[in-house]
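What follows is a short report on a single structure.
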Amino acid sequence: MSLDVSEPEQQSRQIPASRVRRPRGPFTPVWVMTALLFAASPLIAPGSLSGSALNSMFPFAAVLAVAALGQAFVVSQGGIDLSVPGAMALAAVFVTKVPELAGIPVPIAAALGLLVGAAGGLVTGIAVVRFGIAAFVVTLAMNAILIGVVLQVSGGFPGSADPSLSGFATGSVWVVPNLLIIAVVLVVATQWLRRRSVLGRRFMATGANSAAARLLGIRTGAYQVSAYAAAGALYAVAGLLLAGYLRTPDILLGNTYQLSSIAAVVLGGSVLTGGMSNALATGVAALFLTQLNQVVLAAGATTSIQLLVQAVVLAVAVVLRRLPLTGVLRRLGVPRSR
């Protein structure tokens, strides 16, 4: 006796196509929150999604995304980096003051700024990993050193970026700002390396459980140190881009990116104890925070209200990450995906 199962099989294959797939994972809330924010932006602040508003928002979102990407490297290894302002400010000084003082071309000065940023991160990583000093202490000290160098080199006065750098930073391809293109390339490349390359998977395995990774023969110390070096280089990139965009940047232009870079990492779903991080979600979180600030500012809110809104958003994001979405969606009647 045989059973004809062709029809049920065909029906079961068609079921998933008609069902709504549920969002899953700790990186989902930031996508939902960003979509809701952009949907509500015209209602809260009319004109916040106009072409001019987006063109003025995207470059700052790109700079924050690059800085947050560097912070995510460190957080994925269970650390924290408080040297963001110093690294960004020093890189900005390299392309605004150093060419004038030392008489070197801007491209060479920019390359030196990147190397100094990476070197500062390397020293920080060695101090944290090899000598066991708390990351909070080391990065705070490194930030003080970098700010001191900035004040010494600049003399306390800002410089102006070269017109070629400013032209590139403020330019666009078609209607897409150059800074946004750079940020997207860096975010996508980082995500691909983490998920698809052997080095990336070993890097994430080290952050998840360094003891287990060490037993598997992974040189965990090298990966942990490289996280700080990569972060320093990315902070320098963010500082270079911001200096070019602002043309005459403040000598301490990175101060506002200290907490916002950490906030973007948290909103992006990264776990502060390490091992779980998503570059795409971090980039979306940077876009969310920048648009949120623009909407709140356009709505005429004071600085205190802006800070309060950011605090509430962070709290909501943390709650959403712990919320059992499966049970909530079941109560709302959303069918289960296969």
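These values consider heavy atoms only, across backbone and side chains, with no hydrogens, waters or symmetry-generated copies.
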4.5 Å side-chain heavy-atom contact, Phe60 and Tyr245: yes
Any side-chain heavy-atom pair of Leu199 and Leu193 under 4.5 Å: no
For Met142, side-chain contact (heavy atoms from CB on, under 4.5 Å) partners two or more places apart: Ser83, Val123, Thr124, Leu146
Main-chain N/O of Gly86 paired to Asn143 side chain as donor or acceptor, under 3.5 Å: yes
Single-linkage hydrophobic cluster, 4.5 Å side-chain cutoff, Phe94 and Val237 together: no
Straight-line distance of Thr190 OG1 to Leu234 CG, nearest 0.5 Å: 6.5 Å
Residues Asp162, Val95; criterion side-chain contact (heavy atoms from CB on, under 4.5 Å); working and verdict: CA-CA 8 Å; Asp162 187 85; Val95 292; over 6 Å; no
hydrophobic_cluster_shared for Val106 and Val93, side chain cutoff 4.5 Å: no
Student check: side-chain heavy atoms of Leu242 and Pro249 closer than 4.5 Å: no
Interatomic spacing from CG in Leu289 to OG in Ser261 - rounded to 0.5 Å: 10.0 Å
Over 12 non-hydrogen atoms of neighbours within 6.0 angstrom of CZ in Arg219: no
For the student: nearest non-hydrogen atoms of Met204 and Gly275, plus distance: CE-O, 3.8 Å
Cluster link Phe288 to Tyr257, ILVMFWY, side chain under 4.5 Å: yes
Nearest-0.5 Å distance that lies between atom CD1 in Ile181 and atom OG in Ser172: 8.0 Å
Minimum side-chain heavy-atom gap Thr139-Tyr228 below 4.5 Å: yes
Considering all heavy atoms, the nearest Ala227-Val74 contact: O-CG2, 4.0 Å
Considering all heavy atoms, the nearest Met57-Gln291 contact: CE-OE1, 3.4 Å
Verdict with supporting geometry, Val98 and Leu112, side-chain contact (heavy atoms from CB on, under 4.5 Å): CA-CA 10 Å; Val98 170; Leu112 290 175; 5.6 Å; no
Close side-chain approach of Asn278 and Arg195, heavy atoms under 4.5 Å: yes
Aromatic ring proximity, centroids under 6.0 angstrom, Phe203 and Phe73: yes
Euclidean distance, Ile147 CD1 relative to Ile145 CD1, rounded to 0.5 Å: 11.5 Å
Cluster overlap Phe136 with Val266, hydrophobic side-chain contacts below 4.5 Å: yes
Interatomic spacing from CG in Leu292 to CG in Leu297 - rounded to 0.5 Å: 11.0 Å
Residue pair Ile126 / Leu122, side-chain heavy-atom distance below 4.5 Å: yes
Nearest heavy-atom neighbours spanning Gln258 and Pro85: NE2-CD, 3.3 Å
Minimum side-chain heavy-atom gap Val63-Met88 below 4.5 Å: yes
Residue pair Asp81, Tyr235: steps toward the side-chain contact (heavy atoms from CB on, under 4.5 Å) verdict: CA-CA 11 Å; Asp81 198 341; Tyr235 302 151; 3.1 Å; yes
Pair Ser277-Arg194, side-chain donor/acceptor within less than 3.5 Å: yes
Check: Gln71 side chain, Ile262 main-chain N or O, donor-acceptor pair, under 3.5 Å: no
Any donor-acceptor pair under 3.5 Å from Ser226 side chain to Tyr223 backbone: yes
Shortest non-hydrogen contact between Gly268 and Ala285, atoms and distance: N-CB, 3.8 Å
Ser160 side chain near Thr248 side chain, heavy-atom distance below 4.5 Å: yes
Gln294 and Ser56: CA distance, side-chain angles, deciding distance, side-chain contact (heavy atoms from CB on, under 4.5 Å) verdict: CA-CA 10 Å; Gln294 177 167 286; Ser56 64; 3.8 Å; yes
In one Ile/Leu/Val/Met/Phe/Trp/Tyr side-chain cluster, 4.5 Å: Leu252, Leu64: no
Minimum-distance pair of heavy atoms, taken over all atoms of Ala279 and Leu69: CB-CD1, 3.8 Å
Nearest-0.5 Å distance that lies between atom CG in Leu101 and atom OG1 in Thr96: 9.0 Å
